[in-house]
Number of protein chains: 4
Amino acid sequence: MAPAAKQPTLSRGAGAKFQRILDAAIEVIAQKGFHTARISDIAGLAGVADGTVYLYFKNKDEILMTAINTAFDAFVARARAELRPLTSPVEKLRRLIHLHLETLGRNRPLAVVCQMELRQSARFLAPFSNQRMIEYFDIARQAIREGQEQGLFREEMRDLDAARCLFGAVDEMVTSWVLAEHEYPLLDVAEPVADIILLGIERRLKR
Amino acid sequence: MAPAAKQPTLSRGAGAKFQRILDAAIEVIAQKGFHTARISDIAGLAGVADGTVYLYFKNKDEILMTAINTAFDAFVARARAELRPLTSPVEKLRRLIHLHLETLGRNRPLAVVCQMELRQSARFLAPFSNQRMIEYFDIARQAIREGQEQGLFREEMRDLDAARCLFGAVDEMVTSWVLAEHEYPLLDVAEPVADIILLGIERRLKR
Amino acid sequence: MAPAAKQPTLSRGAGAKFQRILDAAIEVIAQKGFHTARISDIAGLAGVADGTVYLYFKNKDEILMTAINTAFDAFVARARAELRPLTSPVEKLRRLIHLHLETLGRNRPLAVVCQMELRQSARFLAPFSNQRMIEYFDIARQAIREGQEQGLFREEMRDLDAARCLFGAVDEMVTSWVLAEHEYPLLDVAEPVADIILLGIERRLKR
Amino acid sequence: MAPAAKQPTLSRGAGAKFQRILDAAIEVIAQKGFHTARISDIAGLAGVADGTVYLYFKNKDEILMTAINTAFDAFVARARAELRPLTSPVEKLRRLIHLHLETLGRNRPLAVVCQMELRQSARFLAPFSNQRMIEYFDIARQAIREGQEQGLFREEMRDLDAARCLFGAVDEMVTSWVLAEHEYPLLDVAEPVADIILLGIERRLKR
DNA sequence: TATGAATGAGAGTTCATTCAT
DNA sequence: TATGAATGAACTCTCATTCAT
């Protein structure tokens with residue numbers, strides 16, 4: 001499920017350290033922001049020496065990249081697996097939204113990093129695998145097109161636009177949650193968002 | 001109400017320089033990101049000495065803050081003014097979406113800065129006037145509540161959730177546009193988004 | 001005589017600082033070697049902040065390069081000027097040797113840097129203007145060829161080889177002096193070296 | 001006298017490894033310079049783990065020292081052996097020059113290291129056995145004094161100066177060869193140098 | 001002996017900010 | 001107001017060296 005480590009043996013000693021550094025990085029970056037986070041903060045929280053970080057990551061950028069990519073890969077894999085058995089396009093989209101909110105709602109630091117640093121990294125870090133973003137959208141677009149083919153969703157609508165609205169709406173919920181001053185279960189907004197988006201794309205029988 | 005001058009005389013000599021620095025900052029930050037943008041870059045593009053920047057802004061953070069706040073204030077003021085004469089909640093929301101996309105679609109660097117740096121600043125810089133964000137949302141929420149009162153929009157829906165979906169969807173359109181490799185008119189997506197969001201919140205007469 | 005500064009106004013304030021840093025660098029590098037010399041050592045000795053060094057030099061390498069090149073340029077210019085009026089090839093070579101030893105004998109730190117770091121920089125730093133080395137050799141070769149044309153120096157001898165012997169011999173004198181444990185006037189060896197080299201290249205009338 | 005083993009058994013397993021590390025070090029240092037050469041480069045080329053290097057050498061400095069000293073010892077031993085049977089001081093010096101050039105001309109990396117790093121190490125590394133340098137010079141000085149006693153070489157000349165000229169000239173030939181862009185047999189310059197130096201120190205019968 | 005993961009001191013360089021002019 | 005030279009804190013990354021296995 002977890003996408004597995006890339007470095008050393010991963011068994012226990014190593015791999016564990018790789019993960020510790022990654023987790024610490026997410027934690028620290030979530031707290032102070034990427035640019036303000038110091039390698040020594042990350043190393044300190046991970047319980048390793050500064051230099052050790054560089055045994056597992058080429059540089060600071062790569063840590064962020066890896067954190068985000070790893071999370072994304074895991075999410076996309078899980079989303080694919082969970083949507084596959086579903087037949088109803090509507091159900092698929094509801095499940096996707098639920099999954100998105102559940103995943104981030106369960107891991108606040110990761111959510112913070114994704115909401116706050118993702119766009120930056122999309123622009124400046126390597127090709128941040130916009131690929132991964134595309135994959136996410138593809139899952140949604142696929143379901144939307146199926147819905148259109150089945151006459152459930154509006155035909156004149158571009159599936160890309162619909163996917164963007166869906167993603168944007170969900171994303172904004174996460175951002176609000178992350179910035180909120182008091183805590184609340186992120187999943188609470190799953191249904192309201194799903195309702196709006198689905199009603200927004202569903203075909204009207206009568207007007 | 002009108003953008004208003006914050007600095008000195010504003011007339012010509014000063015004020016002009018204030019604005020030049022601000023514009024330069026947006027340009028440079030859009031290009032390299034806030035943390036990578038150097039004061040000397042900004043000063044250079046504005047045609048002033050590095051030190052001069054500090055006659056108009058307390059520090060680097062404040063430049064970003066001011067740029068965003070200024071833009072926001074102008075936008076909110078304009079939105080208020082343009083929505084006031086409208087009576088239909090539906091029209092109000094359509095106009096808001098249109099305005100949002102038009103404003104940013106017309107000023108790419110500003111759009112880039114808003115999409116890429118806004119969240120960061122929301123989290124770390126001063127109180128970034130989340131106030132301003134709240135005002136934006138309030139405009140939308142107001143219209144939504146009116147729509148609910150008039151029986152046009154779904155009643156069981158929380159107006160805040162609806163406003164977030166609306167903002168999130170529009171915001172994602174801007175982000176996509178900013179990150180896109182080829183150019184296209186941002187306004188092209190105004191209608192598709194508006195359709196989805198409005199249909200999503202409108203009350204169904206029949207099902 | 002001094003080749004003049006490259007940076008700022010050179011008048012007093014600036015230019016003076018450029019030179020102070022350069023002098024400090026030579027001093028420190030002579031003492032600890034280039035790689036062991038820290039920028040902060042140099043800055044400290046020059047009485048400026050670390051960062052100031054970078055206002056005058058792009059990086060550490062450039063400091064060494066500049067120091068060596070400046071010294072070389074000055075030397076070559078002076079050598080050219082002093083040899084010009086001389087007509088006798090023999091006198092020219094004697095003067096060259098004298099000049100070489102006098103120049104370095106007068107400035108021990110510079111001599112140390114040249115003897116200890118020159119070869120390294122010739123190999124790794126930029127093109128260290130091997131150009132400059134070539135110019136030095138050209139002065140000697142020119143005189144040697146003149147001597148050959150006048151029947152004073154052996155004809156079958158390659159002027160380049162002769163120049164190298166001359167330079168090598170003089171250079172070794174400087175190295176010995178630099179490494180010596182007790183001090184002595186470097187110029188003392190001018191005549192002995194000149195004798196050996198000149199007798200070595202002069203044509204024998206009788207055998 | 002013979003190079004001799006310094007480390008363990010030398011036979012096969014060990015000793016072989018000691019030598020592999022030494023050779024690798026010379027290779028790497030010749031290529032990148034001492035300070036830029038990393039222990040891991042050397043270990044890698046030698047086919048051993050980084051830590052293993054420290055089983056054979058106390059630290060990085062010692063590797064360079066050992067490499068140079070070993071080469072020097074071997075050279076001095078060989079020079080002594082080859083000059084012993086010769087009776088003519090002139091022949092002895094010619095042979096010394098030939099040996100010097102042949103030894104380095106046959107082993108380019110070693111030559112590079114000697115030319116480029118020797119002076120540094122002479123100054124900073126331990127007592128780098130200036131002892132060894134002295135031994136080299138002593139061989140030359142001995143022959144020179146013999147020549148003077150036999151009335152072959154100029155009497156007023158200090159044997160140390162003559163030896164330095166000889167060494168300096170030969171050394172410069174090696175340096176030129178090492179820095180040259182195109183290859184050529186180093187031994188080609190043996191005779192020209194020998195001619196110049198010998199004629200330079202020989203006594204003139206007639207003038 | 002051999003390994004190589006881990007260490008952590010250290011250095012070059014950048015750049016926001018200041019201040020004398 | 002305006003300048004821009006100067007500052008120096010701060011930070012990333014490297015690499016010689018160690019030591020548990």
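Chain naming here is simple, since letters A, B, ... match the order of the sequence lines and numbering starts at 1 in each.
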All N/O contacts under 3.5 Å from nucleotides 18-21 of chain E to the protein, with atom names and distances to one decimal?
none

If you check the [X] side chain, which of [options] turns out closest?
{"X": "Tyr56(D)", "options": "dT7(F), dT12(F), dA2(E)", "value": "dA2(E)"}
{"X": "Lys60(B)", "options": "dA16(E), dA5(E), dT7(F)", "value": "dA16(E)"}
{"X": "Asn59(B)", "options": "dA5(E), dA16(F), dT17(E)", "value": "dT17(E)"}
{"X": "Thr52(A)", "options": "dA2(F), dA6(F), dA6(E)", "value": "dA6(E)"}

Margin query: Using five base pairs at each end to define the local axes, how bent is the helix from dA2(E)-dT21(F) to dT21(E)-dA2(F), to the nearest 10°?
Written below: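 Overall, the helix from dA2(E)-dT21(F) to dT21(E)-dA2(F) bends by 10° from one end axis to the other.
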To the nearest Å, how far apart are [X] [atom1] and [N] [atom2]?
{"X": "Arg20(A)", "N": "dA6(E)", "atom1": "CZ", "atom2": "C1'", "answer": "12 Å"}
{"X": "Ile39(B)", "N": "dT3(F)", "atom1": "CD1", "atom2": "C1'", "answer": "15 Å"}
{"X": "Phe57(B)", "N": "dT17(E)", "atom1": "CZ", "atom2": "P", "answer": "13 Å"}
{"X": "Leu55(A)", "N": "dT14(F)", "atom1": "CG", "atom2": "P", "answer": "11 Å"}

Next item on the list: Determine whether Arg108(C) and Ile26(C) make a side-chain contact, defined as any pair of heavy atoms from C-beta on separated by less than 4.5 Å.
Entry: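 When only atoms from C-beta onward are counted, Ile26(C) and Arg108(C) do not touch, as no gap falls below 4.5 Å.
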Item checked: Non-hydrogen side-chain atoms of Thr36(C) and Phe124(D) separated by less than 4.5 Å ->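 Side chain of Thr36(C) against side chain of Phe124(D), heavy atoms only: no contact under 4.5 Å found.
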Next item on the list: Please list, by residue number, the residues of residues 26-37 of chain A whose heavy atoms come closer than 4.0 Å to an atom of DNA chain E; answer none if no residue qualifies.
Entry: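 By residue number: none to list.
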Notebook entry, point to check: Can you list, by residue number, the residues of residues 41-49 of chain D that have a non-hydrogen atom closer than 4.0 angstrom to DNA chain E?
Noted result: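 Per residue number, the list reads Val48(D), Ala49(D).
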Checklist line | Residue met sooner reading DNA chain F from 5', once Val53(C) and Arg38(A) are mapped to nucleotides | finding: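 Taking each residue's closest nucleotide, the earlier one in sequence belongs to Val53(C).
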Next item on the list: Please name all residues satisfying side chain to side chain contact (heavy atoms under 4.5 Å, CB included) with Ala111(C), sequence neighbours left out, ordered by chain then number.
Entry: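 Expected list: Leu104(C), Val174(C), Trp177(C), Val178(C).
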Checklist line | salt bridge (charged side-chain N to carboxylate O under 4.0 Å, His left out) pairs, two or more places apart, involving residues 44-71 of chain B | finding: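 Every candidate salt bridge (charged side-chain N to carboxylate O under 4.0 Å, His left out) pair involving residues 44-71 of chain B fails, so no pair, neighbours aside, qualifies.
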Item checked: Note: Arg38(D)-Asp41(D) ion pair, threshold 4.0 Å (strictly below) ->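 Yes, this pair counts.
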Notebook entry, point to check: Using 30° and 60° as the class limits, which term best fits the ring planes of Tyr56(A) and Phe18(A): parallel, tilted or perpendicular?
Noted result: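 Tilted, since the angle between the ring planes falls between 30° and 60°.
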Note to self: Is there a side-chain contact between Lys17(C) and the phosphate of dA6(F), meaning an N or O under 4.0 Å from OP1 or OP2?
What the structure shows: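 Indeed, a polar side-chain atom of Lys17(C) lies that close.
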Notebook entry, point to check: Which whole number of Å gives the distance between the P atom of dT1(E) and that of dT21(F)?
Noted result: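 22 Å, rounded to whole Å.
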